[in-house]
Student: 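The structure that follows is given in the form of structure tokens.
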Amino acid sequence: MLAGTLDNDTIAALKECAFAGLTPTQARMAKRLFNAEPQLVEATASRLENLGEHPAAIKLRRGDVATVAFAARLIPV
């Protein structure tokens, strides 16, 4: 992982790219997942597991940027 090696501007740019296709509601959910709200992260990870996305659930619990965006896209528009 690149944790600890990227500056804040780079991280902000990566987050913007990952969330470019999200609706406002999905973007709010992604921000909450990034803030690591424990109950929300666990509920979302459990939902991923129920969908058979076990590797994604593990990555979500670790705060992986792409997985947070993927999980947020699961919210109906």
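Residue numbers start at 1 and run along the sequence shown.
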Student: I want to check something: taking the side chain as every heavy atom from C-beta on, are Thr67 and Arg62 in contact at a cut-off of under 4.5 Å?
Tutor: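 No - every pair of side-chain heavy atoms lies 4.5 Å or more apart.
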Student: Rounded to the nearest 0.5 Å, what separates atom CD in Glu37 from atom CD in Glu42?
Tutor: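 It comes to 14.0 Å.
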Student: Please check if Leu40 and Val68 belong to a single hydrophobic cluster, counting links between Ile, Leu, Val, Met, Phe, Trp and Tyr side chain heavy atoms closer than 4.5 Å.
Tutor: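 Same cluster.
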Student: Within this structure, what is the CZ-CG distance for the pair Arg61 and Leu33, rounded to the nearest 0.5 Å?
Tutor: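 Here the rounded value is 12.0 Å.
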Student: Taking atom types as modelled, is there a side-chain donor on Arg47 or Thr44 under 3.5 Å from an acceptor on the other?
Tutor: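 No - no donor-acceptor pair under 3.5 Å links their side chains.
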Student: Quick check for you: to the nearest 0.5 Å, what is the distance between Asp64 atom CG and Phe34 atom CZ?
Tutor: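 CZ of Phe34 is found 8.0 Å from CG of Asp64.
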Student: Measure the spacing between CG of Leu74 and CG of Leu51 and express it to the nearest 0.5 Å.
Tutor: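 So the gap between those two atoms works out to 6.5 Å.
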Student: For Ala56 and Phe70, work out which heavy atoms get closest and say how close.
Tutor: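 Closest pair (atom of Ala56, atom of Phe70, distance): CB-CE2, 4.3 Å.
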Student: Of the non-hydrogen atoms in Ala72 and Ala30, which two are nearest, and what is the gap between them?
Tutor: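 The answer is CB-CB, 3.8 Å.
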Student: Closest heavy-atom contact between Val41 and Ala36?
Tutor: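 Val41 and Ala36 have their closest heavy atoms at CG2-CA, 3.9 Å.
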Student: What are the two closest non-hydrogen atoms of Ala45 and Leu60, and how far apart are they?
Tutor: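 Looks like N-CD2, 3.6 Å.
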